[in-house]
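Here's the structure, in structure tokens; my notes come after.
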Amino acid sequence: QVQLVESGGGLVQAGGSLRLSCAASGRAFTSYAMGWFRQAPGKEREFVAAIAGIGDTYYTDAVKGRFTISRDNAKNTVYLQMEGLKPEDTAVYYCAARLGGWLVRTVAYPYWGQGTQVTVSS
């Protein structure tokens, strides 16, 4: 069982930056692939980025070159550094975990945090 708690969301102007954090409880953190997803009002939850236990990463095209996912296995924490934010990045951002490798499908992740709001003003 893994419990996830996100933090770091907020209101930022277009072009600004934010860093989201996701603290995980439980054992064997390195056995879990970690993902970031987001859900804008009226839209389905979508994949943003993922990182495997050993650190290889994958990003959706919309955030490549602007967002960076990383993890600190000593702190059981995964981060999402967001640069060059755009109004279309506005959403609730969720951290998710799954045993094994990363996947982009929402349904592949059994563990989810409560979400943190990111609002980008134009």
Side-chain angles (χ1 to χ4, degrees):
Q1 190 77 8
V2 176
Q3 293 184 327
L4 305 172
V5 179
E6 301 100 333
S7 61
L11 173 64
V12 64
Q13 290 187 334
S17 302
L18 280 175
R19 188 177 82 155
L20 305 182
S21 299
C22 173
S25 66
R27 300 180 178 180
F29 180 65
T30 55
S31 298
Y32 290 84
M34 303 297 295
W36 284 99
F37 293 77
R38 65 187 180 186
Q39 187 166 18
K43 295 188 176 181
E44 293 187 354
R45 194 170 299 187
E46 64 176 5
F47 172 82
V48 175
I51 185 167
I54 58 173
D56 57 308
T57 59
Y58 184 74
Y59 301 88
T60 190
D61 286 346
V63 308
K64 281 181 182 177
R66 300 189 298 123
F67 290 11
T68 303
I69 189 170
S70 62
R71 64 192 296 162
D72 185 337
N73 290 331
K75 295 183 178 179
N76 280 17
T77 301
V78 63
Y79 305 97
L80 186 68
Q81 179 68 42
M82 305 185 292
E83 308 281 349
L85 282 161
K86 304 174 181 180
E88 52 264 43
D89 294 318
T90 295
V92 177
Y93 282 71
Y94 296 90
C95 174
R98 69 180 308 276
L99 282 170
W102 55 260
L103 293 172
V104 301
R105 295 176 294 130
T106 305
V107 295
Y109 290 78
Y111 305 108
W112 291 86
Q114 81 288 351
T116 185
Q117 177 71 47
V118 171
T119 303
V120 184
S121 63
S122 57

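Since this is a predicted model, take the numbers as computed values, not measurements. Numbering of residues begins at 1 and proceeds along the displayed sequence.
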task = Go through the steps for S17 and E83 under the test side-chain hydrogen bond (donor to acceptor under 3.5 Å, both in side chains), then give the verdict.
result = CA-CA 5 Å; S17 302; E83 308 281 349; 2.4 Å; yes

Treat each ILVMFWY residue as a node, draw an edge where side-chain heavy atoms are under 4.5 Å apart, and state whether [X] and [Y] are in one component.
X	Y	value
L85	F37	no
V12	V48	yes
V63	V104	no
L4	V92	no
W102	Y32	no

For [X] and [Y], work out which heavy atoms get closest and say how close.
X	Y	answer
V78	F29	N-CZ, 4.4 Å
D89	G84	OD2-O, 4.4 Å
G101	A33	C-CB, 3.5 Å
A91	A40	CB-N, 3.8 Å
G26	N76	O-ND2, 3.5 Å
Y111	V2	CD2-O, 3.6 Å

inquiry  = Please report whether the ring centroid of F67 lies less than 6.0 Å from that of W36.
reply    =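 Judged by ring-centre distance (under 6.0 Å), W36 and F67 do not meet the cut-off.
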
query = Taking the six-membered ring where the residue is Trp, are the ring centres of F47 and Y59 under 6.0 Å apart?
reply =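 Centroid distance F47-Y59: not below 6.0 Å, so no.
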
ask   = How would you list, by chain and number, every residue that makes a side-chain contact (heavy atoms from CB on, under 4.5 Å) with Q3, sequence neighbours excluded?
value =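 So Q3 forms a side-chain contact (heavy atoms from CB on, under 4.5 Å) with S25.
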
Is a side-chain donor or acceptor of [X] paired with a backbone partner of [Y] at a separation under 3.5 angstrom?
X	Y	value
T116	G9	yes
Y109	L103	yes
E6	G115	yes
T90	E88	no

request  = May I ask you to test the Q114-Y94 pair for a side-chain heavy-atom distance under 4.5 Å?
outcome  =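 In short, these two side chains do not touch, never coming nearer than 4.5 Å.
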
query = Does R98 reach the side chain of M34, with side-chain heavy atoms less than 4.5 Å apart?
reply =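 The answer is no, as the side chains (C-beta and beyond) never meet within the 4.5 Å cut-off.
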
query = Using 4.0 Å as the upper bound for N to carboxylate O, is an ion pair formed by K64 and D61?
reply =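 Here D61 pairs with K64 in a salt bridge, since their nearest N and O are under 4.0 Å apart.
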
Separation between CZ of R71 and CD1 of I54, rounded to the nearest 0.5 Å =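 Here the rounded value is 10.0 Å.
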
key: Pairs flagged by disulfide (SG to SG under 2.5 Å) wherever residues 51-122 is involved - sequence neighbours left out   =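 Pairs touching residues 51-122 that pass the test: C22-C95.
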
Reference residue L80; test side-chain contact (heavy atoms from CB on, under 4.5 Å); the match among L20, L18, I51 =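 Exactly one pass, corresponding to L20.
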
ask   = Which pairs, with at least one residue in residues 39-50 and sequence neighbours excluded, count as a salt bridge (charged side-chain N to carboxylate O under 4.0 Å, His left out)?
value =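 Sorted pair list: R38-E46.
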
